[in-house]
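This report concerns only the one structure given below.
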Amino acid sequence: MELTADKNSIEKLINQGFKYHQDGLLDDAESMYMEALKLDNNNAQLYNLIGVLRFQKFDIDAAIDYIQKAISISKSEYYYESLFQVLIRKEDYELILSYEKEVSILYPKSFTLLFNLGYAYKKLGNFECALKYYEKALYVNPTSYEGWYNLANLYGIMSRTTEAVSAMEICHKLRPNDDDTSYYLAIDYFRTKNYAKGLPLFENRLSKKFAFTSYNKTMPQIIREDNFWKGEKIKDKNIFIYYEAGYGDVIMFARYLPLVAKKCKKLTLMCHKELIPLFKQNPHLGIDEFQDSFTQNNLEADVHAPILSLPYLLGLKGNDIFTSSEGYIVSDESMVEEYRKKYFNNDKIKVGIKWRGNTTLEKSRVIPAELFNQLIQKRDDTQFYSFQTLEGSEDTSKLENIIDIGKDLSDFSQTAAALKNLDIVICNDTSLAHLAGAMRIPCWVMLPYDSDWRWHNDFSKCDWYESVKLFRQKEIGNWQSAFNQILDEMSSDN
């Protein structure tokens, strides 16, 4: 009779705690659970509930302890799912894989557990094992968007681009109206150089929508849905082109501005203020007027478009996508001479380097600066110059026998003038690579293992710039593998 009373009391406490839990009253819920645990300290359900609650309170280690206790008392698919969720948050993928054998035997048809095992292997860089578990998970649930999306991403990392496209196409069928899915499918098409299919889907990108929203709020008379340029004839119209991404993107897509200029009466460009002096030195780009802020300054425009949409709106196909690869940016000769006298008045081979760009969104592109010392020490007949500016410039002190020119560069016209004095640039995936390529200056770009779409999957060839050669990591995070290729290239040049 007493046991029944305790059992009823426990159930009542758990039910009340669960109600509090559902209502988000975590402290009250935990009090109920703990009272129940005093009456039954061998209750797996209670340990799991407390573990989940602790996880919600960001007490990760306690959450793991409680859920592991639940599993030690009673095996449950749900308990393992709870544990894996916490371990993923902690990024303890080795501990997830310590349960691989038992969950594979106990729950061979659990999509969630199989998927999480695949995810753990992927995060640890074991892509073949990750692939095996993703495929097992999709065999269990072939209509899982999450499963196909992660499989597509894994194929992309493994440079199996055809399979990545196929997996992402399934995602698109599962969510045909999802903008993010359309965008990521576009990126996979780009990697395979299928711009015919990729460019229309690329119009669903978030940066385009963010740019439109921002400019619509500040320039409502200019930026509207009804006057967005769709590629129609604009011979007697003024067009306003605006940026939506970083320096490198604008430099890369500036190749299309002359084509737009031929189609319109007047072309106004809004870009980063650091780029304006450079573009003003290049009148052949066809830019009639510049905007460097959200103020209208009597701006007149009949139609508008973001710069990343230009190849699509121009209807470019095939190799025309890579138009102007011969070099479409030039530097000011008087500035070139000024920098020559100040920094480059020597008879050595002149090499410019940079190791870091904007790390807000992409940290995998950052190269440890000190790794460049092995290149500097390789050649006595060579002078190295640091073009690193702003973030990362403090690491210049880690380099030997380096001339720091980055501290003297405040806009891209200055950078272009300094670049013109170089024999070659060696850098990470950053705006300096785009500028060197646009100027047709030899440039060796070191890429992370999972590189950006624009570099495609060619081993070393760059379609966008004839003067650029690519050097890729052999494995994730291993920059030394890229440096070894550079060293071999330098040796072959002797």
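Note: hydrogens, waters and symmetry copies are ignored here, and every other heavy atom, side chains too, is used.
- Pairs passing the side chain to side chain donor-acceptor pair (under 3.5 Å) check and including a residue from residues 271-281, sequence neighbours excluded, read Y247-E274.
- Salt-bridge check for K420 with E333: failed, with every basic side-chain N at 4.0 Å or more from each acidic carboxylate O.
- Of the N and O atoms on the side chains of E169 and Y189, at least one donor lies less than 3.5 Å from an acceptor on the other residue.
- Few gaps surround CG on N346; more than 12 heavy atoms of other groups in view lie less than 6.0 Å from it.
- Judged by a 6.0 Å distance limit and a 45° cone about the ring axis, R205 is positioned over the six-membered ring of F202.
- The number of heavy atoms from other shown groups lying within 6.0 Å of CG (N319) does not exceed 12.
- Summarising the local packing, NZ of K348 is surrounded by more than 12 heavy atoms from other residues, nucleotides or ligands at distances under 6.0 Å.
- Within 6.0 Å of atom NZ in K407, more than 12 heavy atoms from other residues, nucleotides or ligands are found, so the atom counts as buried in its surroundings.
- Enclosure of atom NZ in K341 is not indicated, since only 12 or fewer non-hydrogen atoms of other residues, nucleotides or ligands lie within 6.0 angstrom.
- In this structure, the separation between CG on L399 and CD on Q388 is 10.0 Å, given to the nearest 0.5 Å.
- H434 and Y465 have their aromatic ring centers within a separation under 6.0 angstrom.
- Using a 4.5 Å cut-off on side-chain heavy atoms (C-beta onward), V366 and N428 make no contact.
- Using a 4.5 Å heavy-atom cutoff, the side chains of I287 and L257 are in contact.
- Ring to ring, F483 and F372 are close: their centroids are under 6.0 angstrom apart.
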ask   = Please walk me through it: do R356 and T389 pass side chain to side chain donor-acceptor pair (under 3.5 Å)?
value = CA-CA 9 Å; R356 188 168 184 167; T389 59; over 6 Å; no

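- For the pair D423 (side chain) and I349 (backbone), a donor-acceptor distance under 3.5 Å is absent.
- The line from CG of L199 to CG of L316 is 8.0 Å long, rounded to the nearest 0.5 Å.
- Geometrically, K136 engages Y133 in a cation-pi contact defined by less than 6.0 Å to the ring centre and at most 45° from the axis.
- Put simply, the side chain of E400 does not reach to within 4.5 Å of the side chain of F384, judged on heavy atoms.
- Between K266 and E289, at least one side-chain nitrogen of the basic residue sits less than 4.0 Å from a carboxylate oxygen of the acidic one, meeting the salt-bridge criterion.
- No side-chain donor-acceptor contact under 3.5 Å links T192 and N194.
- Environment of OH in Y312: sparse, with no more than 12 heavy atoms of neighbouring residues, nucleotides or ligands closer than 6.0 Å.
- Using a 4.0 Å cut-off between a side-chain N of Lys or Arg and a carboxylate O of Asp or Glu, D61 and K90 qualify as a salt bridge.
- A distance below 6.0 Å separates the ring centres of F240 and Y242.
- Centroid-to-centroid, the aromatic rings of F344 and Y339 stay 6.0 Å apart or farther.
- Separation of atoms OH (Y449) and CH2 (W479) is listed at 13.5 Å; rounding is to 0.5 Å.
- Contact annotation: the side chain of F190 never approaches that of R454 to less than 4.5 Å [non-hydrogen atoms, C-beta and beyond].
- No more than 12 heavy atoms of other residues, nucleotides or ligands lie within 6.0 Å of NZ in K263, so this atom counts as exposed by the packing criterion.
- The structure places CG of D452 at 7.0 Å from CZ of R191, a figure rounded to the nearest 0.5 Å.
- Aromatic rings of Y93 and Y121 (six-membered ring for Trp) have centroids beyond the 6.0 Å cut-off, not under it.
- Considering only heavy atoms from C-beta on, M446 comes within 4.5 Å of I426 through its side chain.
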